[in-house]
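In the text below, chain A, chain B and the rest are named by the order of the sequence lines, each starting its count at 1. The shown structure was predicted, so the numbers you read here are calculated from the model rather than taken from an experiment.
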Amino acid sequence: MTTLIDSYAVQCAKCKKLRYIEAQEKYEEIRSKSPHTCFECKSCEELGDVHVDVDSPNVRWFLDQHGIPKTPKGWKRILVVRGNGEKVDVYYETPQQKKVRSPKQVAKFIQDNEEFKDDVKMEEISFVAPKRMKKPKS
DNA sequence: GCCACCGGTGGC
DNA sequence: GCCACCGGTGGC
């Protein structure tokens, strides 16, 4: 069974609470601007959405890097959690539903599909994977 | 034959 | 030592 990352949360720069972000697109928007533009809650008074338990048997937590570019229109960024739950593989799906998994393959795709070359730039693609969150050392 | 998935490693 | 990237292959 394939496990995909399909839920996203961000931390408010002010109150430090975590907020779920409904859509991947919205999440990517926030991530692309971070850390230069910090996310803030609409209302810090409201209770946080989630409590991170890195040892939870039900939920896996991965931490994303800042500044990953927004996925180009027509493309999909797919995050597959490996069987052991420790590592995530990043794939992109092209507008033709072809999966690519390295910058080299993206470059080749652009080369082979001249008609799409204006829709995607190498700088808009990042295979940097989120990392499994670990318990902070006490 | 394809491709989802994982292992290994070069480059940092 | 880590991890982005790629090679190889088992299962279909």
Side-chain angles (χ1 to χ4, degrees):
Chain A
M1 192 195 70
T2 306
T3 306
L4 297 174
I5 293 183
D6 57 4
S7 302
Y8 308 91
V10 296
Q11 188 176 38
C12 172
K14 277 204 253 171
C15 71
K16 308 296 179 193
K17 290 190 192 101
L18 285 173
R19 301 288 176 202
Y20 273 127
I21 305 298
E22 287 303 322
Q24 179 174 358
E25 195 180 351
K26 173 85 174 140
Y27 172 75
E28 288 196 350
E29 169 78 23
I30 295 165
R31 184 180 59 190
S32 70
K33 293 176 181 167
S34 174
H36 308 293
T37 303
C38 296
F39 171 81
E40 289 180 12
C41 299
K42 283 204 185 75
S43 165
C44 290
E45 315 308 316
E46 287 172 33
L47 287 174
D49 291 338
V50 278
H51 168 72
V52 175
D53 173 10
V54 295
D55 294 326
S56 165
N58 305 315
V59 184
R60 286 271 137 123
W61 290 94
F62 293 88
L63 185 62
D64 235 338
Q65 201 179 78
H66 295 287
I68 293 177
K70 287 197 282 182
T71 302
K73 281 214 169 53
W75 289 61
K76 256 163 101 180
R77 194 169 191 269
I78 302 167
L79 303 167
V80 180
V81 181
R82 289 198 177 190
N84 63 7
E86 292 301 316
K87 200 178 158 183
V88 173
D89 288 311
V90 181
Y91 298 86
Y92 280 85
E93 198 175 275
T94 71
Q96 296 75 42
Q97 273 90 266
K98 190 177 148 38
K99 282 203 180 105
V100 289
R101 55 180 189 128
S102 71
K104 208 170 161 182
Q105 288 183 3
V106 176
K108 187 176 184 328
F109 173 85
I110 294 171
Q111 202 174 29
D112 293 349
N113 299 271
E114 285 261 311
E115 66 273 29
F116 296 110
K117 72 172 180 339
D118 296 332
D119 298 342
V120 58
K121 298 192 179 59
M122 289 305 290
E123 313 83 83
E124 294 176 313
I125 300 287
S126 168
F127 288 91
V128 173
K131 308 283 175 290
R132 177 87 197 272
M133 288 179 77
K134 296 194 184 89
K135 211 181 249 173
K137 281 176 195 126
S138 50

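- There is a path of hydrophobic side-chain contacts, each under 4.5 Å, that joins Leu18(A) to Val59(A).
- Between Tyr92(A) and Phe127(A), a ring centre-to-centre spacing shorter than 6.0 Å is recorded.
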Pairs: protein N or O with nucleotides 3-7 of chain C N or O, under 3.5 Å:
{"from": "dA4(C)", "atom 1": "OP1", "to": "Lys131(A)", "atom 2": "NZ", "distance (Å)": "3.4"}
{"from": "dA4(C)", "atom 1": "OP2", "to": "Lys131(A)", "atom 2": "NZ", "distance (Å)": "3.3"}
{"from": "dC5(C)", "atom 1": "N4", "to": "Lys87(A)", "atom 2": "NZ", "distance (Å)": "3.4"}
{"from": "dC6(C)", "atom 1": "OP2", "to": "Ser102(A)", "atom 2": "OG", "distance (Å)": "2.4"}
{"from": "dG7(C)", "atom 1": "N7", "to": "Arg101(A)", "atom 2": "NH2", "distance (Å)": "2.8"}
{"from": "dG7(C)", "atom 1": "O6", "to": "Arg101(A)", "atom 2": "NH1", "distance (Å)": "2.1"}
{"from": "dG7(C)", "atom 1": "O6", "to": "Arg101(A)", "atom 2": "NH2", "distance (Å)": "3.4"}

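- With 3.5 Å as the limit, one finds a donor-acceptor pair spanning the side chains of Tyr27(A) and Asp64(A).
- Under the 4.5 Å side-chain heavy-atom criterion for ILVMFWY residues, no single connected hydrophobic cluster contains both Val120(A) and Val128(A).
- A salt bridge links Glu29(A) to Lys70(A): one of the charged nitrogens lies within less than 4.0 Å of a carboxylate oxygen.
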